[in-house]
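Here the structure comes first, spelled out in structure tokens, and everything after it is commentary.
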Amino acid sequence: MRTLMKGNEAIGEAAVRAGCRCFFGYPITPQNEIPEYLSGRLPEAGGVFLQAESEIAAINMVFGAAGAGARVMTSSSGPGISLKQEGISFLAGAELPCVIVNIMRGGPGLGSIQPGQADYFQATRGGGHGDYRTIVLAPCSVQEMVDFTYWAFELADRYRSPVLVLADGVLGQLMEPVTLPPELKPDNGNKPWATTGCRGRKRNVIKSLYLNPEELEAHNKKLQEKFGLMQREVNRAEKYRVEDAETVLVAFGISARISMAAVEAVREEGIKAGLLRPITLWPFPEGILQSSLPKAKKVLVVEMSAGQMVEDVKLTVSGKLPVYFYGRTGGLLPSAEEIQTQIKLLEVKVSERSLCQA
Amino acid sequence: MQHEVLVAGFGGQGVLLTGQLLAYGGLLENKEVTWFPSYGPEMRGGTANCIVIVSGKRIASPVVERPGAALVFNQPSLLKFEAKVKPGGLLLVNSALATQLPERKDLYTYLVPANEVAQSLGQILVANMVMLGAYLELTGAVTFSSVLKALEKTLSEQRRHLLSVNREAMEQGAQLVSQQARKYHTR
């Protein structure tokens, strides 16, 4: 049965249904409906909701709960996520599973409370210090807010790693119909590494500190092997009308929804455009992007930033096609009309170039 | 057919609720719907608006720059949003609070004295339902009964008796616009 839910609330409900019984956070717009929802729902479900004294405190509470084997989540927006970076590096180093939600807003600094996508670099490059990556999932609808939050807990446990859900202010505030997944029982078992009391067994130690260089290098090698495994196993993207597309747009999240509207509009005018929407931002779905360009003559990346994902697209296309960029910043959204104009401008650009080359 | 409508007014007029009831009504009809509110440092008495889309198929973008229709509940909203409506689109103005006439000549414009109608029904709070009834009469985006079913689900037990005045408000809104000739130009 479908119900109408707000993106932020949907994330909260999905977390509870995934068996999450611990949430630690600190308020910030535009994600406040997540803690608001969970402050009622978690105690009802026998869980813990705690508004910490700061984002830094909250992420370290996540460390504690994850270390004890619980499914745990925190959420914030840009400035708060920056504060959490030290903790996220510690979680990655100590190989602790957890889910971190970032409902992005305009930056840098305090920026604005309007939607943005400029935390892409921070999310996909690790964000904190040291050699690590986290899986990053980018929903584009309220249904995906539900599905990917649920999936994030599964991935976190499978790889013993923090997983980020990266959305933005529009998706957080948006209401759409959703079908909710079945409710899982909170299951803290099957985590033999967790610190659950060591009576009758050898004690478990959870740490990211390795003062012996050889030991730390061995730890790093193990982490890198795990990140390699993630890259092979976790790749997802949605293709939209790319089969015969001469202009392939690449966009994620709400930018992808607006780009899709632009693709539909220019198709009406006979322009062959398509869209590739990365769902896993890290690992970046390189193979899927490469297979989305059979007829492509050019690629246009659309983001709510000054150009971040465009670098991953360029790395993937690796000089075989021209890659163009269109973005808005400051909390503003690109409009479908603006994107249509960009697509049409490129039609001119490429034909000019072929004239020059001829 | 995709129905896109912007609902705008000031906080307290039921602007966001009007949009939600429309979206909820669409959901009950198994349609695809989106509801997106403006958000910001909002306050009571400040401006509020939302964009609702009701469609028979997957909705690409929930954010539309130029909606096909607008329900404006007060004068500031008329000034701000009249220019946004798609040419040939529909503009419904609460003429009880928006005293200036719309200026554009390329829209189907209807003046609905929603506050006055609501007052005559003895319940000023249903002014938004007068506007919604008028919109539904003109577009058929969802049926009256779906909206009323949605409203019934959101009303608590002790407020269920308000359903009939809401229905009455919607019907009067519908009547008002069906009496007005389909006008392309307001003046």
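Just so we're on the same page: letters track the sequence lines, and every chain starts at 1.
Taken to the nearest 0.5 Å, the CZ atom of B:Phe36 stands 9.0 Å off from the CG atom of A:Leu171. With rounding to the nearest 0.5 angstrom, the CG atom of B:Leu27 is 12.5 Å from the CE atom of A:Met5.
Listed options B:Val52, B:Leu28, B:Ile53, B:Ile59 were ranked by heavy-atom pairs under 4.5 angstrom with chain A; first place goes to B:Ile59. Considering only heavy-atom pairs separated by less than 4.5 Å from chain B, the leading option among A:Ser141, A:Ser112, A:Pro115 is A:Pro115. When A:Ser259, A:Ala336, A:Ala262, A:Pro30 are compared by the number of non-hydrogen pairs under 4.5 Å with chain B, A:Pro30 comes out ahead. Across B:Gly19, B:Pro37, B:Ala60, the residue that shares the most heavy-atom pairs under 4.5 angstrom with chain A is B:Ala60.
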Subject >> Steps toward side-chain contact (heavy atoms from CB on, under 4.5 Å) verdict (A:Met175, B:Val33) >> reply: CA-CA 8 Å; A:Met175 278 180 109; B:Val33 296; over 6 Å; no

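Under the 4.5 Å side-chain criterion, counting only non-hydrogen atoms from C-beta, B:Arg58 is in contact with A:Met260.
Residue A:Glu176 touches chain B through both its backbone and its side chain, counting heavy-atom pairs closer than 4.5 Å. The parts of A:Gln173 that come within reach of chain B are both its backbone and its side chain, each placing non-hydrogen atoms under 4.5 angstrom from that chain. For A:Leu174, the parts lying near chain B are the backbone and the side chain together; criterion is any non-hydrogen pair under 4.5 Å. At a 4.5 Å heavy-atom cutoff, the contact between B:Lys31 and chain A is made by backbone atoms alone. Looking at A:Val170, both its backbone and its side chain come within 4.5 Å of chain B, counting heavy atoms on both sides.
Around the NZ atom of A:Lys272, the shell of radius 6.0 Å holds no more than 12 heavy atoms that belong to other residues, nucleotides or ligands. Shown here is A:Glu269, whose CD atom has more than 12 heavy atoms of other residues, nucleotides or ligands within 6.0 Å. Within a 6.0 Å radius of CG in A:Leu110, no more than 12 heavy atoms belonging to other residues, nucleotides or ligands are found.
The minimum heavy-atom distance between B:Asn30 and A:Arg2, with the atom names listed, is C-NH2, 3.6 Å.
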